[in-house]
Amino acid sequence: MVTIFILVFLAALMLNLWLMLSMDYHRNFERYHDRLHAQHVTLVVDDDSEEMHDFLTRELGKNQQTNEFDLGDALNMPGSFLYNGGEMNHDFVISEKEEALSRSIGRVEITEEGEGKSGVYLPLLYQSEDIRIGKTIDITIAGNKIPYKVCGFFNSIMVGSHNCAMTEIILTDDKYQELAKLEYAQNATMCCVRIHDKMESQNYEAWLKDALSGRYPDARILSNTYLLVRQSRYVAASICSGIISMMAFLVLLIALVVISSNIMNYIAENMKNLGSLKAIGYISRQLVNSLMLQFLGFSLLAAVVGTGGSYMMFPYVNAMLASQTGIPYQTRFLPLPLLLTFAVLCGAVAVVVCLSSRRMKRVEPMVALRQGIQTHNFKRNHIPLAKSRVPLNAALALKTTFSGMKQNIIIGITMLVLSLVVVFSGVLIENMLVDSEPMVNLIVGETSDSCINVNLGKEEEFCEEMDKDARVENYYIYHYENVIHEGGLELLAMMCDDFSKTSNQDVVFEGRAPKFDNEIVIAAKYAKEQGLDIGDEMSIIAGGNEEKYMISGFTQISNQLGKDCLLTREGYERIGELQNVSYYLNFRDNVDIDKFNEEVKEMFGNEVNATINARATVKSGVSVYISIMTIIVTGILIMSVIVIAFVLYLLVRTMLNRKKQEYGILKAFGFTTRQLVLQTALSFMPAVVLSTVVGIAGNCAIINPLIALFLSGVGVVKCSFAIPVGLITVSGAGLVLLAFAIACLLSVRIKKIVPKELLSGD
Amino acid sequence: MKKVLLQTDKLSKSFSSGGNLQHVLKNIDLQLYAGDFTVIMGASGAGKSTLLYALSGMDTPTLGTITFGEKNISDLNSDRLAMFRREHCGFVFQQIYLIDGMSVMDNVLAAGLLVNKDKKSLVRRAEELFQAVGISGETQKKFPTQISGGEAQRVGIVRALINEPQILFADEPTGALNSKTGADVLDTLTAFNEQGQSVVMVTHDMRSARRGNRILYLKDGAILGECDLGKYVHDDRARHEKLSKFLNEMGW
């Protein structure tokens, strides 16, 4: 019963945790969105003129979807600061403190502030050991490093994270005025719009940008939507929630198998008692009901303790996830997840008790009283000792294995589940913790050592310098621009002069990368939503121009959560005019990327708009996911050990009870405790080894589609993660050895069985 | 002069029950001889089975020593005792205790393979023993629940003898059998004893006790008396009367 209690406890804990995450954690976004009266569409344009304000006011007023809007002044410049040991690059929207606090739509709230009256307020997400109140940090704005004292942190639901397409930072009035007066300061209009139907935010954004770029084709525009931000700020929470749900159902499955086995053992061992009860008039339903009451009561108790445990654990999960969402969450009592957890657990237990106790209905009183326990099936003598060539202990163990099919089924299911955990953990470790590049390649697409944005007029000269520089191994255009799909949504277009030069040749997973100027590759998720296929034509708009492109392939990169496309440079230039272009550079070994970028800046001055240490940026961004995944992998591995220990505990205990007399007989004839322990542990091994091998082989085959399913929310449809066969094989062997060691340890109780108890008393 | 197989020196065994110490065996000095059919008798609670546990290495004494040949077995740990039992002792139980999941032959071989690794010679010996006790080849393939009680006990005797033990311990071997089947089992034990097998048997039954050449009577944990009946002869009335008289004297 202890085993069942702990398994149901673990299942309840994870089930409630999953339901809390999926039913309420995401709603936290809505709560803050409502509380801060946040916008559904944010648009920042590099123009703060009266004319721009008038244009926006006029256009917004025309759209029936517009509910209310706010136009405010801000500064909009690219920049970076150090976070999590890496450089975090952002498109900064810099606001003055009072302006940000008093915005009628999308206001921010200060969550913590110090004594300082002059300095910077940063989004809550970045609060860390390196970035804390009172500390002075360097923020690079438009290539200029400026020291700011951290005065506090704030919560902004739509622009409070690097996952929002833009990051707001707030300066005190004096610092804002100082920055605004600088030559490179870029004044901007920040437009926050609330619309009637927030689910239409992406269409509204596409319409607004189309209207704006039609009137101001050269305007630099940043934007985001309610749907994009809601999804992107909860990527880690969604993955974590998915993994927890998977584990919850797997543990529940094991718990149900154990309950079923327990009931069947109970019936077998109490056949005579059940026969007696029937003989004196009890009916089957009464006997089943007594079992039902017992298991339901017990499971409910375990579920109450388990859900209590989930409330104790939730703050830690929240702290872990807050490093990605950046939105504070207050743990509170949630009755619906709790009731659902109880209902699912009790319902599942009730069904299993009903099904497993069916045999009780077939028990005839006289037959039961005569037969008692029928533990063996004597159809066949497995491993006859006279002919067997295996050693005695192994032969006796195999006899036990063949006589215990229920035991083998329980072990089989447990090990199949745990082998999935091993394969999943192995793939995560290999593709995220040991080498994060496969995960980065899957989500981000293309990465490089450095990214440099240069004005078009200096492009030729820049390329000549790069050709001359021995440190540069290769470089190519990899430039992002927003485009609009006619009749669809805004897409983030990645353009390259030649996609065959890129480091990640798996960006296009079906079809091929665009080669000609009339070809396009789109995100598979978006294609599915729009009913588009390879070979179809689609109209793309940029800078007020529209052209048709043929779909040559599908990608699954997720920079814009599945709203992405790839174009050749020439392809983009059919509709849009580039003002500047970004180059990705890869260096030879041991090149100081920051030093290289500094030199380029010195060489080209204002003609270079941005130099990004892309390696450090990716490292910084990925580190949050790596730490979350490390915790998840550690958690599921610990749980695997607990599950295997408890399942084996149950099986060994049942076997020891069932075979107590047999062990006594064998001891009387000279078998030592060590031999019997070995026999017991070995008897589990055929099922353990077979199911682990089958489980690992099978799970290796399905793990990529399974992970793709988990990541489908961010646009991933196909995964091709490397499967670390060596690591998984070693882990599988470790799992088998662990099972053997646990079975040996648990079987040591055989020592207490003494043969003299077999002899008749005086 | 008979060869001493096993001897005890001030063998005592005590149990704690409800805070009280119960002395079940009290300073027993005893010698068991090779080739004897020793029968231990006594009233319920006299300590017969406890003495059998101790002599056979199934249990350790509280005080005193048990010496088998030159070896003191009273201080051995449980695994060493198991090894001692497998090499020197055979057991026949009242409840037979064959292992249900194994065939008749496997029940015997499971015990035999512990000592004899030569499977061919072991199977040959098992078959000889089965033949000696009247268990057919067909029965050898059956499972314990598929054979009669008498057959099962004869299989139990084969299992006990498979390792050619120096002493065969039998604890009420006919207790669970009817009189006809019980007589067959006793005949089997007697036959093996006549071939030189040493036997120590605990029994309540006077007809069973008659099979022994040496009768020990236990009372309150001590050997109250001993009777030498001599070699067993079937339907020997004088032998029966001698035993009756001895038991009467012992207060049985």
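Since the model is a prediction, treat every value here as computed from it, not as a measurement. Naming: A, B, ... by sequence-line order, numbering from 1 per chain.
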Does B:D79 use its side chain to pair, donor to acceptor, with the backbone of A:T673 at less than 3.5 Å?
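Flag set: sc B:D79 to bb A:T673 pair under 3.5 Å.
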
What closest approach, in Å, do A:A386 and B:V123 show between heavy atoms, and which atom pair accounts for it?
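Here A:A386 and B:V123 meet closest at CB-CG2, 4.0 Å.
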
Side-chain donor or acceptor of B:R85 paired with backbone N/O of A:A668 under 3.5 Å:
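Such a contact is found between B:R85 side chain and A:A668 backbone.
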
What distance separates B:D106 CG from A:K387 NZ, expressed to the nearest 0.5 Å?
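So the CG of B:D106 and the NZ of A:K387 are separated by 10.0 Å.
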
Take A:F669 and B:R86 through the test side-chain contact (heavy atoms from CB on, under 4.5 Å) and record every step on the way to the result.
CA-CA 5 Å; A:F669 282 95; B:R86 74 167 72 143; over 6 Å; no

Pick one of side chain, backbone, both or neither for B:R80, based on which atoms fall under 4.5 Å of a heavy atom in chain A.
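It is neither, since no heavy atom gets under 4.5 Å.
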
Which portion of B:L122 sits near chain A, non-hydrogen atoms under 4.5 angstrom
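Contact with chain A is absent: no heavy atom of B:L122 under 4.5 Å.
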
Roughly how far apart are A:I665 CD1 and B:F91 CZ, rounded to 0.5 Å?
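Answer for the CD1-CZ pair, A:I665 versus B:F91, is 13.0 Å.
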
Give, for atom CG of A:N381 and atom NZ of B:K141, the distance between the pair rounded to the nearest 0.5 Å.
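If we round to the nearest 0.5 Å, A:N381:CG and B:K141:NZ are 11.0 Å apart.
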
Working to the nearest 0.5 Å, report the span between CG of A:L385 and NZ of B:K119.
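Reported to 0.5 Å precision, the distance equals 6.5 Å.
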
When rounded to the nearest 0.5 angstrom, what distance separates CD in A:Q661 from CD1 in B:I99?
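A:Q661 CD to B:I99 CD1: 9.0 Å, rounded to 0.5 Å.
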
Can any side-chain N or O of A:K667 pair as donor or acceptor with the backbone N or O of B:S78 at less than 3.5 Å?
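No; judged by distance alone, with no hydrogens or angles, the pair does not exist.
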
